[in-house]
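Single-structure report; data block below.
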Amino acid sequence: MMDKKTFAVHSNAAITAIGTYVPERILTNAEMEKLVDTSDEWIVQRTGIKERHIAADNQFTSDLCFGAIDNMIDRYGVHITDVDYIIVATSSPDAVFPSVASQVQAHYGIVNAGAADIQAACAGFAAAIQLANGLLLSGAHRKILVLGAETLSKITDYSDRTTCILFGDGAGAFLMEASYNGQGDVAAVYTKTDGERGHLLYRSSLASAIGEHAIQTNGYIVQNGREVYRWAISHVAEGIQQLLERSGYTTNDIDWFIPHSANMRIIESLCEKTGFTPQQTLSSITQYGNTSAASIPLAIDEGLKSGIVKPGQLMLLYGFGGGLTQAGVVLRWSL
Ligand code: ACO
């Protein structure tokens, strides 16, 4: 039998800065009550969400990325003109192309960088960290901007009460650099996709692409909430256990469990199934709703701002959602 530590990842990637941004406009549950037949009580009880931030009509995912990067520069004084790769995880890009990452490159005049968006839905930010870690470790790149950013409000049907109460907009950025001492922050990674369940959560304007499963084809997010919920609390819980095993750590060793903020009930079930306590769990669901690829950096930043996240702590980040895809990272926080 293989030693479980065999899978632990070698890493030279240091996270050297974080920044976040949410649009100003807040959409409360009380306002939701005016849009669809729902109630604050129902939304809070079923999802834990109290409000979400919504982009202005002329504000797109690239604009939210600029907000997060500006915030990072203000706080950490980092220089980004020498960044050599930009990855933006998003399911709600301004356009299919040019990528949001290309717009970040242009906006900051980062002249010697490649840029690409990745689309792994709510698993996107953790998947982007995994990619950045690999690129730094291979020596192909030295300094990478990693973003998770969404304007889900632009692809949400505000007449569908089963989805519109869930989603919000936001962005988070990490700066990841090759460390000079060869000591990296990433301890383990895990990812898995159940593509045969893809039709349970999709956005499509092509009925033929979704085939017999298509129930709506107007470019909005469509989901079978119950089935996604079931998948999350069984398959995602298993994935988290796999990641822990790979890392060689137990739930007691991990200071912060940061699952994707899909829904408070899913988070509570994942805690029960995996053995993490609510006290060691960070989420961004209450104030921001489900912000897909942005939810994990927003949760970390809430923890930093309240002073509970500290250098040297171990974190397990775990994204899951459309695909259906899951991706997780165990890392040591050094900021
Ligand atoms: N307000 C009031 N009533 C509602 C609302 C609403 N906003 N939405 C649905 N209902 C009603 C339904 O019509 C249904 O009524 P009925 O019994 O008369 O038919 C009843 O509430 C129960 O509906 P369900 O869909 O079974 O509600 P459920 O308890 O499953 O909660 C929810 C719905 C919150 C979407 C849940 O299924 C869920 O959290 N699913 C996970 C999916 C998720 O989080 N997706 C986000 C994207 S994917 C991701 O990030 C993992």
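Start at 1 and go down the list; that is how both ligands and their atoms are numbered. Numbering of residues begins at 1 and proceeds along the displayed sequence.
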The closest protein heavy-atom partner of atom 32 (C) of ligand 1 is N263 ND2, 4.5 Å
For atom 50 (O) of ligand 1, the closest protein heavy atom turns out to be H260 NE2, 2.8 Å
Any heavy atom of I266 under 4.0 Å from ligand 1? The part involved is side chain
Establish whether atom 27 (O) of ligand 1 and some protein heavy atom are separated by less than 4.0 angstrom. yes
**Message:** Is any side-chain heavy atom of P311 closer than 4.5 Å to one of L335?
**Reply:** no
Nearest heavy atom to atom 47 (C) of ligand 1, choosing from V36, L35, N290, T291, belongs to N290
Near R46 (heavy-atom distance under 4.0 Å), the atoms of ligand 1 are 22 (C), 27 (O), 28 (P), 29 (O)
Under 4.0 angstrom from atom 1 (N) of ligand 1, is there any protein heavy atom?
-> yes
### Message
For residues I87 and L137: do they belong to one hydrophobic cluster (side chain heavy atoms under 4.5 Å, members Ile, Leu, Val, Met, Phe, Trp, Tyr)?
### Response
no
Do the ring planes of F174 and F125 sit parallel (below 30°), tilted (30 to 60°) or perpendicular (above 60°)? perpendicular
Only one of Q313, Q280, K310 passes side chain to side chain contact (heavy atoms under 4.5 Å, CB included) with D255, and that residue is Q313
Here the atoms of ligand 1 under 4.0 Å from any heavy atom belonging to G225 are 37 (O), 40 (N), 41 (C), 42 (C)
Just to check, does I43 reach to within less than 4.0 Å of ligand 1 when the distance is taken from its heavy atoms?
no
Handout entry: Worked verdict on I300 versus I258 for side chain to side chain contact (heavy atoms under 4.5 Å, CB included)
Key = CA-CA 8 Å; I300 294 173; I258 309 160; 3.6 Å; yes
Heavy-atom proximity to atom 24 (P) of ligand 1, picking from Q223, R226, Q45, R161, points to R226
Checking heavy-atom distances from atom 21 (O) of ligand 1 to each of W231, W42, F320, the winner is W42
Answer yes or no for atom 10 (N) of ligand 1: protein heavy atom present at a distance under 4.0 Å? yes
Residue, atom and distance of the protein heavy atom nearest atom 44 (O) of ligand 1 read A262 O, 3.7 Å
Under 4.0 Å from one or more heavy atoms of D37, ligand 1 contributes atoms 1 (N), 2 (C)
Note: ligand 1 atoms sitting under 4.0 Å from heavy atoms of L201 are 48 (S)
Note to self: Can you tell me if R265 contacts ligand 1 (heavy atom of the residue under 4.0 Å from the ligand)?
What the structure shows: yes
Practice item. Starting from the C-alpha separation in whole Å, work towards a yes-or-no answer on side-chain hydrogen bond (donor to acceptor under 3.5 Å, both in side chains) for N263 and T47. Key: CA-CA 5 Å; N263 173 323; T47 72; 5.8 Å; no
Logged contact type for T38 with ligand 1, heavy-atom cut-off 4.0 Å, is both
Applying a strict 4.0 Å limit to heavy atoms, is C122 in contact with ligand 1?
yes
Worksheet item: Just checking, K143 and Y85: is the charged tip under 6.0 Å from the six-membered ring centre and within 45° of the axis?
Response: no
From the list T156, D169, T61, side chain to side chain donor-acceptor pair (under 3.5 Å) with T151 holds only for T61
**Prompt:** Step by step, would you call Y76 with I18 a side chain to side chain contact (heavy atoms under 4.5 Å, CB included)?
**Reply:** CA-CA 8 Å; Y76 294 91; I18 178 176; 3.3 Å; yes
With F276 as partner, the option from W256, Y249, F257 fulfilling ring-ring contact (aromatic ring centres under 6.0 Å, His included) is F257
My question is simple, although I want it checked carefully: is atom 19 (O) of ligand 1 less than 4.0 angstrom from any protein heavy atom? no
Atom 39 (O) of ligand 1 touched by protein heavy atom at under 4.0 Å
yes
According to the interplanar angle, ranging from 0 to 90°, do the rings of Y288 and H53 count as parallel (below 30°), tilted (30 to 60°) or perpendicular (above 60°)?
tilted
Original post:
Does some side-chain heavy atom of S295 sit less than 4.5 Å from a side-chain heavy atom of I285?
Top reply: no
